[in-house]
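Only one structure is covered here, and it is reproduced in the block below.
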Amino acid sequence: MADQQYDFFESVTRSFDKAAKFTRWETGILEQIKACNAVYRMRFPIRRDDGSIEVIEAYRAQHSHHKTPCKGGIRYSDMVNQDEVMALSALMTFKCAIVNVPFGGAKGGIKINPNKYSAFELQKITRRYTSELVKKNYIGPGTDVPAPDYGTGEREMAWILDTYMTMRPGEIDGMGCVTGKPITQGGVRGRKEATGLGVFYGVREVCSMPDVMEKLGMTTGIEGKRVIVQGLGNVGYHTAKFFREHGAKIIAIAEYEGAIYNENGLNEEEVFQYRKANKSILNFPGATNIPKSSDALEMECDILIPAALENVINASNAEKIKAKMIGEAANGPLSPEADDILIKKGILVIPDMYLNAGGVTVSYFEWLKNLSHVRYGRMEKRFTENLNRHIIHQMEELTGKSVNPDDKILIEHGPDEVDLVYSGLEQTMIEATREIMACWKANDKIPDMRTAAYVVAIDKVGTSYAELGIFP
Ligand code: NAD
């Protein structure tokens with residue numbers, strides 16, 4: 001019974017145990033890091049549009065309080081259950097630790113298929129869920145900060161914020177009770193593309209490491225790399241965009257109805273618009289159709305980016321993968337069996353737990369913005385521009401030469417919010433990549449980058465617990 005109920009959570013703890021043996025922590029501390037600290041399971045009624053009353057099942061799990069607030073998305077799906085929110089909250093703890101976002105992991109879920117409810121009903125469910133969280137102190141800028149996940153977005157986050165502020169009037173930092181909000185409601189610029197951009201920064205950093213690239217039989221850099229992307233949704237679209245803009249060639253894009261291939265490279269925006277107009281990616285001008293979508297995963301390429309769903313590379317197809325490197329943009333695109341096969345084949349897998357952490361990183365920036373009550377760049381933009389203009393003027397006077405007008409615009413530019421968010425995310429992803437690689441290189445018994453990422457995460461959470469002094 002217990003095994004049945006905690007399948008996903010147990011699979012996370014299995015990966016944890018695999019990595020834990022490479023850390024220095026005693027069993028008791030490891031047990032505490034692994035445990036899911038608190039789960040709030042609730043049921044509440046709502047009246048549906050047809051007049052009937054329905055009882056809704058919902059959860060919020062707080063996996064770790066080694067740092068607070070806790071952080072993690074809220075998903076609306078009829079697959080939601082306690083095991084899933086516990087497992088996802090554990091992954092959030094490790095994800096936040098890897099990218100140095102000072103939160104404990106959490107996850108929430110409401111067991112509904114949002115497509116079967118009207119906007120009015122969804123609003124009632126969201127507001128009631130929020131008020132249940134408020135009543136039990138399971139939400140707040142200093143306790144637990146939700147964000148969007150499957151089936152939720154800016155709209156739901158705005159409802160959560162409004163409900164919270166109604167119940168906690170005058171709370172000065174109340175806006176930081178949730179992230180992923182619309183810009184007008186305290187959201188931050190750059191949040192939408194954050195995950196795809198983070199994937200790009202992470203892969204680019206790996207591609208800049210000569211020893212790693214040599215082992216894989218590739219040259220360093222992104223320029224000219226042949227990339228295949230599965231899923232042209234939020235993450236896949238933006239990942240493809242940033243790769244293309246930095247000189248890579250997107251040679252194939254896969255969607256659920258099929259895939260398309262063009263050795264000269266595809267433009268994701270054109271493909272996106274074509275698919276919107278034609279309801280299918282197939283027959284895109286200049287491209288070759290691949291009727292069976294999953295075949296695209298098995299094509300020869302430098303970098304494969306699964307950005308659609310979980311378990312797409314598994315025991316049945318892992319042997320046929322010809323990519324040299326896989327960047328896990330989606331959550332859980334590889335099964336554990338696939339992992340083992342790919343290690344043997346010498347394919348480098350850059351793990352989801354850190355590679356798709358761009359979203360939570362920028363959520364952290366949003367939370368900081370809410371606590372500081374000022375838009376990024378507001379105080380320094382004009383000052384920086386005046387200073388830069390003055391420096392250029394002085395240089396031109398001293399040298400007697402003028403700076404090229406395009407360069408002048410670039411140098412004079414003072415940072416806007418989006419510039420600072422991008423730069424913070426870039427630094428975060430570079431640091432995390434280097435930290436994981438350094439850990440992997442320091443111990444040749446660590447089998448793969450995923451285990452190295454877990455080791456880094458466990459060490460950080462362990463240090464935090466040890467320094468909290470809760471193990472006298
Ligand atoms: P999305 O719904 O915007 O996009 C998913 C895309 O995949 C859709 O276009 C869908 O049509 C396509 N797809 C579905 N089945 C497919 C199949 N069998 N073959 C090919 N394509 C298929 O979702 P998203 O937000 O881009 O998330 C994608 C993945 O990234 C998920 O695993 C999600 O958990 C993960 N992720 C997302 C974020 C984020 O910020 N959005 C953050 C971290 C992780």
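Along the sequence shown, residues carry numbers from 1. One-based numbering, in listed order, for ligands and for the atoms of each.
Ring centroid separation for the pair Phe103 and Tyr364 comes in under the 6.0 Å cut-off. For His63 and Phe94, the ring centers are positioned less than 6.0 Å apart.
Side-chain contact check for Asn314 and Ser316: at least one donor-acceptor pair (N or O, by modelled atom type) lies under 3.5 Å. A donor and an acceptor atom, one from each side chain of Asn289 and Asn283, are located under 3.5 Å apart. Under 3.5 Å, the side chains of Asn370 and Lys181 contain a donor-acceptor pair of N or O atoms. Neither side chain, Glu310 nor Asn331, offers a donor N or O lying under 3.5 Å from an acceptor on the other.
Looking at Thr195 next to ligand 1, an N or O pair under 3.5 Å apart turns up. Not a single N or O atom of Arg191, backbone or side chain, sits closer than 3.5 Å to an N or O atom of ligand 1.
The Ala308 neighbourhood of ligand 1 comprises atoms 7 (O), 13 (N), 21 (N), 22 (C), 28 (C), 29 (C), 31 (C), 32 (O), with distances under 4.0 Å to a heavy atom of that residue. Listed by atom number, the atoms of ligand 1 under 4.0 Å from Gly231 heavy atoms are 7 (O), 21 (N). In summary, the atoms of ligand 1 found under 4.0 Å from a heavy atom of Val235, numbered by their order in the structure, are 24 (P), 25 (O), 26 (O), 27 (O), 30 (O), 37 (C), 38 (C), 39 (C), 41 (N). Proximity to Ala330 (heavy-atom distance under 4.0 Å) selects the following atoms of ligand 1: 29 (C), 30 (O), 32 (O), 35 (C).
Shown here, atom 41 (N) of ligand 1 is in close reach of the protein: a heavy atom of it lies under 4.0 Å off. Within a 4.0 Å radius of atom 15 (N) of ligand 1, the protein contributes one or more non-hydrogen atoms.
Using a 4.0 Å cut-off between heavy atoms, Tyr237 makes no contact with ligand 1 at all. In Ser294, neither the side chain nor the backbone holds a heavy atom less than 4.0 Å from any atom of ligand 1. Heavy atoms of Gln230 found under 4.0 angstrom from ligand 1 belong exclusively to the side chain. Heavy atoms of Asp352 found under 4.0 angstrom from ligand 1: none, in either backbone or side chain. When heavy-atom distances to ligand 1 are checked against a 4.0 Å cut-off, Ala307 comes that close only through its backbone atoms N, CA, C and O.
For atom 3 (O) of ligand 1, the nearest protein heavy atom (residue, atom name, distance) is Asn234 N, 3.0 Å. Of the protein's heavy atoms, Gly233 CA, 3.2 Å lies nearest to atom 4 (O) of ligand 1. With hydrogens left out, the protein atom closest to atom 32 (O) of ligand 1 is Asn331 N, 3.0 Å, a heavy atom. Nearest non-hydrogen protein atom to atom 18 (N) of ligand 1 is Tyr256 CB, 3.9 Å. Shortest contact from atom 9 (O) of ligand 1 to any protein heavy atom: Glu255 OE2, 2.5 Å.
We find the CZ-SG distance between Phe9 and Cys36 to be 5.5 Å, quoted to the nearest 0.5 Å.
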- Pair Met92-Val360, side chain to side chain contact (heavy atoms under 4.5 Å, CB included): steps then yes or no: CA-CA 9 Å; Met92 281 303 295; Val360 71; 3.7 Å; yes
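Taking the side chain as every heavy atom from C-beta outward, Glu223 and His246 never approach each other to under 4.5 Å. Residues Lys124 and Tyr117 have side chains not in contact (no heavy-atom distance under 4.5 Å, counting atoms from C-beta outward). Contact annotation: the side chain of Ser64 never approaches that of Gln32 to less than 4.5 Å [non-hydrogen atoms, C-beta and beyond].
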